[in-house]
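Notes for the one structure printed next.
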Protein chains: 2
Amino acid sequence: MDTDQVSGRWDAGKGACPTRQVLGRIGDTWTMLIITTLERDGTLRSGQLKSSIEGITQKMLTQTLRHLERDGVVRRDVVATVPVTVTYTLTPLGRSLGAAVATMRAWAYQHMDDIVAARNEYDARD
Amino acid sequence: MDTDQVSGRWDAGKGACPTRQVLGRIGDTWTMLIITTLERDGTLRSGQLKSSIEGITQKMLTQTLRHLERDGVVRRDVVATVPVTVTYTLTPLGRSLGAAVATMRAWAYQHMDDIVAARNEYDARD
DNA sequence: CCGCATCCTTAGAGATACTG
DNA sequence: CAGTATCTCTAAGGATGCGG
């Protein structure tokens with residue numbers, strides 16, 4: 001079993017504000033991508049998710065899905081076929097998160113060019 | 001000089017979609033907190049930021065600010081007093097990002113309880 | 001086909017001390 | 001006061017093989 005949890009960093013200070021834990025989870029590398037994919041495509045199987053998300057490994061996929069399931073954002077359904085079929089779907093909570101994530105994605109898409117331009121200018125200086 | 005950049009992971013696949021780079025930066029541990037703080041308090045000095053953000057180290061603060069400055073999200077102003085005074089302010093681009101981040105924060109705050117409940121239930125099972 | 005367990009590598013983050 | 005540089009070390013993440 002891995003001991004990562006939320007990596008303790010937040011709990012170090014006595015603040016331990018739960019908002020930070022949530023933000024931390026959202027900030028996770030793969031969370032946004034998984035949420036976005038599930039929101040776009042609805043219910044997906046593990047393998048479909050894996051091939052939809054460029055670069056994700058089996059381990060990270062499963063791990064992130066576990067976290068999201070634990071947080072009540074994703075529902076995991078197991079159908080006892082042979083071999084077993086496992087599907088993932090956003091819960092209502094997950095869909096509401098999906099909306100927020102969509103806002104972020106929209107921002108990113110919209111301002112991509114500005115950022116690239118800013119970077120070029122920054123790197124050109126000095 | 002640090003070689004982190006965007007940690008190369010995204011560029012591995014030939015996709016290299018710039019959106020991912022942006023998402024990656026946003027997902028960074030401290031980015032949201034710095035943006036939020038600057039949005040709330042306006043212009044701040046390095047030290048003020050440091051003491052406003054529980055748990056951040058000098059190193060991470062500077063590093064993240066550099067990234068944000070490079071992306072055109074934060075403006076860095078140096079006043080040649082003795083000792084030197086350095087202030088940070090959100091650019092217009094930064095403020096627009098601040099709005100998106102606020103959405104995320106709001107979501108987190110709003111659904112904190114649901115998430116904690118889901119976790120408890122999840123941990124109780126099995 | 002799904003995902004768990006193990007090993008291994010390295011980047012990221014802390015602590016500390018030094019320069020302008 | 002702001003920032004950089006160095007050293008260390010943890011733990012996130014990739015690769016692989018097994019088991020249901």
Side-chain angles (χ1 to χ4, degrees), chain A residues 1-13 20 24-31 33-34 43-70 74-89 122 126, chain B residues 1-13 20-21 24-25 27-31 33-34 38 43-70 74-89 126:
Chain A
M1 193 59 63
D2 63 347
T3 46
D4 65 343
Q5 292 294 76
V6 101
S7 56
R9 208 180 310 119
W10 309 107
D11 309 7
R20 285 213 183 177
R25 179 58 37 77
I26 291 164
D28 180 89
T29 312
W30 304 109
T31 298
L33 293 167
I34 291 181
T43 298
L44 286 179
R45 304 184 54 180
S46 178
Q48 296 177 306
L49 269 170
K50 185 162 183 327
S51 48
S52 293
I53 301 174
E54 173 77 38
I56 196 169
T57 60
Q58 173 85 29
K59 183 183 181 181
M60 285 301 100
L61 178 61
T62 304
Q63 199 175 93
T64 311
L65 283 170
R66 279 291 118 76
H67 287 156
L68 294 175
E69 190 195 355
R70 190 169 101 103
V74 157
R75 188 160 44 79
R76 179 174 184 267
D77 292 308
V78 182
V79 182
T81 52
V82 181
V84 74
T85 304
V86 184
T87 61
Y88 295 93
T89 315
Y122 183 92
D126 304 343
Chain B
M1 195 58 64
D2 63 347
T3 45
D4 65 342
Q5 293 293 76
V6 101
S7 55
R9 206 180 311 119
W10 308 109
D11 310 5
R20 285 213 183 176
Q21 294 195 16
R25 179 57 37 77
D28 179 88
T29 313
W30 303 109
T31 298
L33 293 168
I34 291 180
L38 282 178
T43 298
L44 287 179
R45 304 183 54 177
S46 178
Q48 296 177 306
L49 269 170
K50 187 164 181 326
S51 48
S52 294
I53 300 174
E54 173 77 36
I56 197 170
T57 60
Q58 173 90 4
K59 184 184 178 180
M60 285 301 99
L61 178 61
T62 305
Q63 201 175 91
T64 311
L65 283 170
R66 279 293 120 78
H67 287 156
L68 294 175
E69 190 196 354
R70 190 169 100 103
V74 158
R75 188 162 42 82
R76 180 174 182 267
D77 291 307
V78 182
V79 182
T81 52
V82 181
V84 75
T85 304
V86 184
T87 62
Y88 295 92
T89 315
D126 304 346

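To find a chain, count down the sequence lines: A is the first, B the second, and so on, and within it residues start at 1. Atoms considered below: every heavy atom in the structure, side chains included; atoms not considered: hydrogens, waters and symmetry mates.
Rounded to whole Å, the distance from CD on Q58(A) to C1' on dC4(C) is 9 Å. Rounded to an integer number of Å, the gap from CG of L61(A) to C1' of dC4(C) is 13 Å. Rounded to an integer number of Å, the gap from CD of Q63(A) to C1' of dG13(D) is 8 Å. Note: CG (L49(A)) to C1' (dC2(C)) measures 13 Å, nearest angstrom. M60(A) places its CE atom 12 Å from the P atom of dC4(C), with the value rounded to the nearest Å.
Position along DNA chain C of the nearest nucleotide to Y88(A) versus K59(A) favours Y88(A) as the more 5'-ward residue. Comparing I56(A) and T85(B) by the nucleotide of DNA chain D that holds the closest heavy atom to each, the one mapping nearer the 5' end is T85(B).
The V84(B) side chain lies nearest to dG20(C) when the options are dG3(D), dG20(C), dC1(C). The nucleotide whose nearest atom lies closest to any side-chain atom of T62(A) is, among dT4(D), dA15(C), dG3(C), dG3(C). When distances are taken from the side chain of R66(B) to each of dA2(D), dT4(D), dC2(C), the shortest belongs to dT4(D). The nucleotide whose nearest atom lies closest to any side-chain atom of V86(A) is, among dC2(C), dG3(D), dC1(C), dC2(C).
To the nearest 0.5 Å, atoms CG (L33(B)) and CG (L38(B)) are separated by 11.0 Å. Taking CZ of R76(A) as the reference point, atom CG of L68(A) lies at 13.0 Å (rounded to 0.5 Å).
The salt bridge (charged side-chain N to carboxylate O under 4.0 Å, His left out) analysis of residues 55-68 of chain B, with sequence neighbours excluded, yields the pairs R66(B)-E69(B).
When all heavy atoms of E54(B) and W30(B) are compared, the pair lying nearest together is O-CZ3, 4.1 Å.
Contact annotation: R76(A) side-chain N/O to dG3(C) OP1/OP2 distance is under 4.0 Å.
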